[in-house]
Amino acid sequence: MFGKVLVANRGEIAIRVMRTLEELGVASVAVYSEPDRDAPHVKRADDAYLLGPGPAAQSYLKIDKILEVAGQSRAEAIHPGYGFLAENAAFARACEEAGIVFIGPPADAIDAMGSKTKARELMRDAGVPIVPGTTDPVESVEDARRIIDESIGYPVAIKAAGGGGGKGFRVAEDEDSLEDAFEGAAREGDKFFSDSTVYIERYLPDPRHVEVQVLADGDGNVIHLFERDCSVQRRHQKLIEESPAPAVDPDLRERIGKIGTDAARAVGYRSAGTVEGLLQDGEYFFLEMNTRVQVEHCVTEMVTGIDIVREQIKIAAGEPLAYAQEDVVLRGHAIECRINAEDASKNFAPAPGRVGSYREPAGPFVRVDSGVEEGYEVLPLYDPMIAKLIVWDVDRTASTKRMIRALGEYEVGGMKTLIPFHQALLATEQWARGETCRDLVEDRAWLRELAFPVAEKAEEPAEERVERDYAVEVSGRKFEVKVIGAPFAPNGAAPAGAARQAPRRERKSGGGGGGAPGALISPIQGTVLKVAVEQGAQIEEGALVCVIEAMKMENEITAPSAGTVEELGVSEGGSVATGDTIAVIK
Ligand code: MV4
């Protein structure tokens, strides 16, 4: 086993990995960006090193700097978590060249699954069912039209070859919408993955998203840990995940488990991975493989009792799998709710801000994987998912009740999160019947009912302390220093607690108002993909104003109230900063 592992990530997943490292007797090294100096993942690690400024491109994505820190800290391996560098084959190769173990699959497996056309071809050849459609790239709209007429038929899904997780995904209902869909998918593929290649699949009208967790070791042992259902999504972001899948019976479970292990074998997989697929009318089709540990791996841990991250680390250290397929037993039912700093009533608008009072739920079979704590400021710079709540119980009905109970105990003061959304959704008939809930997640009127009370005031933790912890950086390496004594109060001005919480940034989030009357303020920084209104237009409350792309996510900004667009501060293709006025609506 390794002596020390660097965790090249932040937030809840970095902490999740460090917990298992500690249990394995392995020291952990955190890395952090400047605004993450005091982040919980930094405090959780045995050692911490600064990477650079806030933007991920200058910190969490900086391969050279991360490898330099790995060398400096004498880490033998790097765990990439999910996102950032987790599915970057060049990073996996760079680790190998630097003599550091990448805790993940071989770079070739990342490459093979990274190209969705290549993956489809490999899967088809391995006898894995894929969604009917093309495996070769489709060069032009004319080619697309011909191929669809000859073999696929409408409706079709046009997808970017470099894509995944719904990025660069468009639907063409008929020939008239084909050109728009084709060009949209190609443009998005080019923008996000520098690859405008697209392929075509038959569009399945109402599938379920069902994925299989696999584990593969270096000795050729490949097992699956059953399936997860992640059908409750919004704009391709998963919101709720569960295991087992409500629409899967034991026969189908065995079939899709085998599809998962066949897929992993076909690319020489090693490590933990997930085979994603679509389930419709009892038919299962391979969609893509995620070559990393996923956000929702926890529900599988709850129903199998297997620590997936522990297995992943052991495999990377060269140990064989501790489980044979027969050893893996599915027991009970687990649900995970993603706790995002988002306002569902405003169509899931980002809602960054400072966490006031913070209390996590507890009790039997309740698990919280969180990346935040009281006083922590959720920055618009990173993923809005601040925590995950996972529960287990004997069956889906009991598990749902337990989740609603735990959500009720969860207190995140001064912030807007998805907690009320989850409480409302899990109480619906649709959820109880095991439906995909697509109608609800897209129902603006239903979402608006989840509005947060208005005069909500951020609570401040205001504890007096005379014992103070400081972090100092010596040549970029972080040390913790405890200073015990009188509070530092220059000119008798600042009380003890204030310095710790300051500087309290002015709340500029669109959620809490702010700015001139009627001003719609941008809660995030990003690129304006689309402007849906014109100056002078009369718009309804909740109407789409613009779409801002940030952190590879498209965020719909909607009108907080009905009125006339008196000013418009954004244009398509332009950029906006947090706090900028998008529009003035009176
Ligand atoms: C599809 C599809 C229908 N037909 N592909 C791809 C990424 C993932 N986030 C959802 N994806 C879909 N791919 C074809 N050929 C429908 C979806 C889809 C979906 C699937 C299951 C459950 C919820 C979904 C929500 C949006 C899109």
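Read the numbers this way: they start at 1 and go in the same order the structure lists the ligands and their atoms.
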For ligand 1, which part of [X] has a heavy atom less than 4.0 Å away: the side chain, the backbone, both, or neither?
X    : value
Q233 : side chain
K159 : side chain
P207 : both

Could you say whether the N/O atoms of [X] and ligand 1 ever approach to under 3.5 Å?
X    : result
Y203 : no
S231 : no
L204 : yes

To the nearest 0.5 angstrom, please state how far the [atom1] atom of [X] sits from the [atom2] atom of [Y].
X    : Y    : atom1 : atom2 : result
I200 : T134 : CD1   : OG1   : 5.5 Å
Y82  : T291 : OH    : OG1   : 15.5 Å
L215 : Q312 : CG    : CD    : 8.5 Å

Heavy-atom donor-acceptor pair, T261 side chain to K258 backbone, under 3.5 Å = yes
So, does D383 use its side chain to make a donor-acceptor pair with the main chain of M385 at under 3.5 Å?
-> yes
Please could you name the atoms of ligand 1 that [X] approaches to less than 4.0 Å, counting only its heavy atoms?
X    : answer
E201 : 5 (N), 14 (C), 15 (N)
R202 : 4 (N), 14 (C), 15 (N)
R208 : 21 (C)
V131 : 15 (N)
H209 : 21 (C), 22 (C)

At a 4.0 Å cut-off, with the gap strictly under it, does some heavy atom of R438 reach an atom of ligand 1?
-> yes
Can you pull out the closest protein heavy atom to [atom]? Residue, atom name and distance to 0.1 Å, please.
atom                    : answer
atom 27 (C) of ligand 1 : H236 CE1, 3.5 Å
atom 11 (N) of ligand 1 : F169 CE2, 3.9 Å
atom 7 (C) of ligand 1  : G166 N, 3.5 Å

Run the salt-bridge test on D206 and R438 with the 4.0 Å N-O cut-off and return the result as yes or no.
-> yes
Indicate yes or no: does R235 engage E556 in a salt bridge with an N to O separation below 4.0 Å.
-> yes
Answer with yes or no whether the side chains of T20 and D307 bring together a donor and an acceptor at under 3.5 Å.
-> yes
Heavy-atom proximity to atom 1 (C) of ligand 1, best of I152, I130, L278, I200 = L278
According to the interplanar angle, ranging from 0 to 90°, do the rings of F348 and F421 count as parallel (below 30°), tilted (30 to 60°) or perpendicular (above 60°)?
-> perpendicular
Have a look at R228 and tell me which of E301, E211, E242 forms a salt bridge (Lys or Arg N to Asp or Glu O under 4.0 Å) with it.
-> E211
